[in-house]
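See below for the structure under consideration.
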Amino acid sequence: MLQERKEFESLIHAIIGEHLATEAKQWLEEKAMLVREEKTASNLNLGFVTVPRKTGRQPVHITTDQQREIAEQIDGFSINGWPVDKLSRLWLLMQVNDSEKSIYINKIENLFKAAEMNELVALYASLPSFAYPEEWQLRCAEGIRSNIGNVLEAIMYHNPYPAKHLPEKAWNQLVLKAFFTDKNINSIIGVDERANKELASILIDYAHERWAARRTVNPHLWRLVSKFIDDTNFADIEKVFKIGDGTEKKAAALACYYSNFQPARQLLEQETGLTKDIEENKLSWTNI
Amino acid sequence: MCCSSFDGENYQEPVKAGLWDAGSIKGMRFFDPHVHMTSRTTDDYQAMFDAGVVALIEPAFWLGQPRTGIDSFRDYYSSLVGWERFRSSQFGIKHYCTIGLNSREANNEALAEQVMEILPLFIYKEGVVGIGEIGFDDQTAAEEKYYRAQLELAKEAGLPIQIHTPHRDKKRGTTRSMDIALEHGISADMVIIDHNNEETVKEVLDRGFWAAFTIYPFTKMGNERMVDIVKEYGPDRIMVNSAADWGISDPLAVPKTAALMKLRGISNEDIQLVTYANAIAAFGKSGQIDEADFEVIKTVDQSVKFEGNTVLRGGQQPRIDKSSIIIS
């Protein structure tokens, strides 16, 4: 196990220890030992499903120091609000012997294939802690195809895996799906950094579709268009800026503010009040 | 495959409007060319029958979560030509299906290969009126690969193709689906492009394809918008379906849309084209649809059995009185 994974593993171990009663703790330690030593997957399979019965589902409370440490060890990762069974499952998965790649991957893949909803949530949320990170791209893309809200959130929210490892097409699907299912865009790690022209153009088509159906458009959509405003789409930004409601207008203003396209900058100059709010951080993508 | 997830995909508050009056379309016959009856109840079958739905097509799709083995596919296809068709007949509705590997599950290539191998066992069966629903979802390379392979299969079998267009990046996905079909030498009139909207309809019709519209609350078309489209483009090569499935959808979407069209001044003749005749003309190219069957099946004998099973349980009467508070 890599050094940073080891440090993360022991931190999680400590946090679980603070939350479990002696009996549950003993059970988990014992299962972990068997999982580390076994060639087959029988203890893993049994242990993984049984976790909530032994640990309960009470929420985990962590200190701000622990929170900071986790986010540093696995970029931006957060376990805030996790129930203890979910965290115990993550830790148990980290005990699987990873010395032989294909055996390790098969063991975990088989858990995905037989998983019920809470297990899927734990598995997908644990993606950033798996060994051989590059091997889980297809699995992550498969998870984004899910129509189960909790499962999508396990991948989208505070999970650094997608931004770090997904190829552009799969990443774009994640962001599109987030818009289609009304997810909180602010909780997606890397959403601004991985903005791209292709995604911007798909999102603009989507906005046109929503308008044709007389439906509203999520103002965060313009956040991902911002860096790619050009002659082809400026009319759309202008439209939102001029006839949008309060939030839409603010979104258009933010999009213009972060754009290098000259006409967009000029458009923003018409509203000195909004520019001032942005400069003073009274208006931003996180507080819109 | 449609449409809904259970996490409030673009949820909007329902708008209060007029009540639906089946009386206005009494005597009309409807054909719903896209409805996933496997996930609907017997109440739905009865309500559809009562509203004038005489026949339907159930496209093969995914089951809300990915299948993990070939036998699940085999049993599913087999149920579409077996138990579900029988169940439908017990409610007086002629059941057809389209068979195919849906785009989402095309992404599991190891499994997709096995599915391609068993598809020929099903596509030539009686009552299979097309290859469907196939096409793009995420628009990945694997989706394209199996879309192309199934177009070839359809060409060889002389079957119509029912194309699911993606939710995300819809406009380009729709264009691409049509480009690829033509590239394989398939005639546009053998292809039904499904889940259209205001942004896609023009190109689909201009290029000579059939344009299907899914009336599905919140995520796809509303029927008021549908009425506007028929007014703008006329009734030719347009058809309406419900795509009702396990999500919040409406198996009466076709008759309700007909009623709304009537209310908004569209002629009976045009209504019948978009809610009945066009779908039969398109999928009838399979040689598998005979309108005479719709009448035969209406005389329901619910005591008939399928492999020893009937839809009736322990001396049940064929129909129950829905207005009674007593369920006996």
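Protein chains get the first letters and strands the later ones, always in sequence-line order, with residue 1 at the start of each.
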Based on non-hydrogen pairs under 4.5 Å, which of B/Arg225, B/Lys170, B/Glu224, B/Gln65 is most in contact with chain A?
B/Arg225
Counting heavy-atom pairs closer than 4.5 Å to chain A, which one of B/Thr140, B/Thr200, B/Asp138, B/Asn108 comes out on top?
B/Asp138
For [X], I'd like to know if atom [atom1] has over 12 heavy atoms of other residues, nucleotides or ligands within 6.0 Å.
X	atom1	result
B/Glu117	CD	no
A/Lys86	NZ	yes
A/Glu100	CD	no

Rounded to the nearest 0.5 Å, what's the gap from CD on B/Glu198 to CH2 on A/Trp211? Could you check?
14.5 Å
Is it the backbone or the side chain of A/Glu198 that comes under 4.5 Å from a heavy atom of chain B, or both, or neither?
both
Interface moiety of B/Asp169 toward chain A, non-hydrogen atoms closer than 4.5 Å
both
Quick check: do B/Pro66 and A/Arg145 have side-chain heavy atoms less than 4.5 Å from each other?
no
Compare every heavy atom of B/Lys220 with every heavy atom of A/Arg215, then report the nearest pair and how far apart it is.
NH2-O, 2.8 Å
Between B/Arg168 and A/Phe180, the two heavy atoms sitting closest are CG-CE1, 3.4 Å
Proximal to chain B - members of residues 169-176 of chain A, heavy-atom separation under 4.5 Å:
A/Lys169, A/Gln173, A/Leu176
Dump the intermediate steps for side-chain contact (heavy atoms from CB on, under 4.5 Å) on A/Asn147 and B/Arg104, then the final yes or no.
CA-CA 12 Å; A/Asn147 269 2; B/Arg104 290 189 192 223; 3.7 Å; yes
